[in-house]
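Chain naming here is simple, since letters A, B, ... match the order of the sequence lines and numbering starts at 1 in each. These values consider heavy atoms only, across backbone and side chains, with no hydrogens, waters or symmetry-generated copies.
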Amino acid sequence: MIHEKAIREGKLTKGMNFTEKSLAICARIPKGKVVTYGDIACKLGSDGASRAVGNAMNGNPFSPDVPCHRVVGSTGKLTGFARGLDKKRAMLKKEGVPFKNDDQVDMAACRHKL
DNA sequence: GCCATGGCTAGTA
DNA sequence: GCCATGGCTAGTA
């Protein structure tokens with residue numbers, strides 16, 4: 001992972017591969033906000049790559065500085081997290097993200113526009 | 001060939 | 001619940 005600095009700053013540089021770019025985008029999500037795997041994929045110009053974005057988040061070496069916990073499924077469901085969904089939910093709640101029920105984020109209220 | 005997705009359809013209640 | 005999709009890595013040769 002050569003582009004650590006750029007990633008942490010949320011910048012895309014030309015040498016980055018898909019994974020690195022995904023992480024860089026992720027770094028831009030403000031506290032209290034949330035984004036979708038698909039949102040990041042779209043932002044990178046490949047709509048079908050939402051699954052690949054999931055892979056990228058899974059390997060995130062800069063967690064939780066690069067806030068991969070702020071990425072959720074398209075419906076607002078908490079899909080996955082290396083240290084468990086309970087942790088993910090706890091972190092999001094602590095940041096003030098509104099929930100509809102225990103594993104469902106209120107997307108309308110806190111979806112971040114990339 | 002795996003997967004932290006997502007969208008669509010069959011088929012139950 | 002099925003399957004198309006896309007990027008990546010473990011693991012074979």
Side-chain angles (χ1 to χ4, degrees):
Chain A
M1 192 70 63
I2 317 167
H3 303 278
E4 170 165 2
K5 186 173 178 186
I7 289 173
R8 285 179 180 277
E9 292 173 350
K11 290 180 188 165
L12 300 187
T13 71
K14 82 180 169 201
M16 287 181 172
N17 61 26
F18 185 89
T19 295
E20 293 165 327
K21 285 191 272 190
S22 297
L23 290 171
I25 301 270
C26 175
R28 319 216 256 241
I29 309 170
K31 182 182 184 184
K33 294 282 188 166
V34 142
V35 133
T36 284
Y37 296 97
D39 288 343
I40 295 181
C42 282
K43 190 66 182 181
L44 292 178
S46 48
D47 308 33
S50 43
R51 196 117 185 227
V53 172
N55 287 169
M57 296 303 111
N58 187 29
N60 178 14
F62 313 124
S63 174
D65 292 327
V66 173
C68 60
H69 59 281
R70 311 214 262 247
V71 185
V72 300
S74 65
T75 61
K77 194 174 175 91
L78 302 190
T79 323
F81 196 58
R83 283 173 294 163
L85 293 181
D86 289 343
K87 291 281 194 247
K88 186 167 181 174
R89 176 170 36 248
M91 295 173 83
L92 290 174
K93 282 189 171 173
K94 194 174 202 172
E95 296 180 352
V97 171
F99 279 69
K100 303 177 79 153
N101 65 59
D102 222 40
D103 57 14
Q104 187 89 10
V105 168
D106 185 354
M107 291 303 278
C110 68
R111 188 184 201 144
H112 175 64
K113 171 73 178 172
L114 284 174

Participant: As a test of understanding, state which of Val35(A), Val34(A), Thr75(A) forms a side-chain contact (heavy atoms from CB on, under 4.5 Å) with Met107(A).
Facilitator: Val34(A)
Participant: Figure out the CD/P separation between Glu20(A) and dT9(C), and round it to whole Å.
Facilitator: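 Rounding to the nearest Å, CD of Glu20(A) and P of dT9(C) are 10 Å apart.
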Participant: Would you find a donor on one side and an acceptor on the other, under 3.5 Å apart, between the side chain of Lys88(A) and the backbone of Gly80(A)?
Facilitator: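 It does hold such a pair.
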Participant: Rounded to whole Å, please give me the gap between CG in Asn17(A) and C1' in dT9(C).
Facilitator: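 Roughly 12 Å, once rounded to whole Å.
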Participant: For a quick test of reading the model, state the closest non-hydrogen atom pair linking Ile40(A) to Ser22(A) and the distance between them.
Facilitator: CG2-CA, 4.1 Å
Participant: Under a 3.5 Å distance rule, please check whether Arg89(A) uses its side chain to pair with a backbone N or O of Asp102(A) as donor and acceptor.
Facilitator: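 Yes.
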Participant: In whole angstroms, how far is the P atom of dT5(B) from the NZ atom of Lys43(A)?
Facilitator: 22 Å
Participant: From dG7(C), dG7(B), dA4(B), pick the nucleotide closest to the side chain of Cys68(A)?
Facilitator: dA4(B)
Participant: Any side-chain N or O of Thr19(A) under 4.0 Å from OP1/OP2 of dC8(C)?
Facilitator: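 Result: yes.
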Participant: Rounded to whole Å, please give me the gap between CZ in Arg51(A) and P in dG1(B).
Facilitator: 15 Å
Participant: Near DNA chain B, counting only heavy atoms under 4.0 Å, which residues of residues 30-41 of chain A show up?
Facilitator: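 Residues of residues 30-41 of chain A that come under 4.0 Å of DNA chain B are, in numerical order, Thr36(A), Tyr37(A), Gly38(A).
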Participant: Got a donor-acceptor contact below 3.5 angstrom from the Asn60(A) side chain to the Val66(A) backbone?
Facilitator: yes
Participant: Taking both distances under 3.5 Å as the test for a Watson-Crick or G-U pair, what stems of at least three pairs does DNA chain C have?
Facilitator: B:1-3 with C:6-8, B:5-8 with C:1-4
Participant: Does dG6(B) have its OP1 or OP2 closer than 4.0 Å to a side-chain nitrogen or oxygen of Thr75(A)?
Facilitator: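 For Thr75(A), the contact criterion (side-chain N or O under 4.0 Å from OP1 or OP2 of dG6(B)) is not met.
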Participant: Can you hop from Met57(A) to Leu92(A) via hydrophobic side chains spaced under 4.5 Å?
Facilitator: no
Participant: Rounded to whole angstroms, how far apart are CE on Met57(A) and P on dC8(C)?
Facilitator: 12 Å
Participant: Rounded to the Å, how far apart are Phe18(A) CZ and dT5(C) C1'?
Facilitator: 11 Å
Participant: Taking atom types as they are modelled, is there a donor-acceptor pair under 3.5 Å from the base of dC3(B) to the side chain of Asn55(A)?
Facilitator: yes
Participant: What residue among Ile25(A), Ile29(A), Thr36(A) forms side-chain contact (heavy atoms from CB on, under 4.5 Å) with Val71(A)?
Facilitator: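 Result for side-chain contact (heavy atoms from CB on, under 4.5 Å) with Val71(A): Ile29(A).
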Participant: Figure out the CG/P separation between Leu44(A) and dG7(C), and round it to whole Å.
Facilitator: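 In whole Å, dG7(C) P and Leu44(A) CG are 10 Å from each other.
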Participant: Quickly work out the Phe81(A) CZ to dA4(B) P distance and round it to whole Å.
Facilitator: 13 Å
Participant: If Ile, Leu, Val, Met, Phe, Trp and Tyr residues are connected whenever their side-chain heavy atoms lie under 4.5 Å apart, and connections chain through other members, are Leu44(A) and Tyr37(A) in the same group?
Facilitator: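 Yes; tracing contacts between hydrophobic side chains, which count when under 4.5 Å, links both residues.
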Participant: Decide if atom NZ of Lys33(A) counts as having more than 12 heavy atoms of other residues, nucleotides or ligands within a radius under 6.0 Å.
Facilitator: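 Result for NZ/Lys33(A): enclosed.
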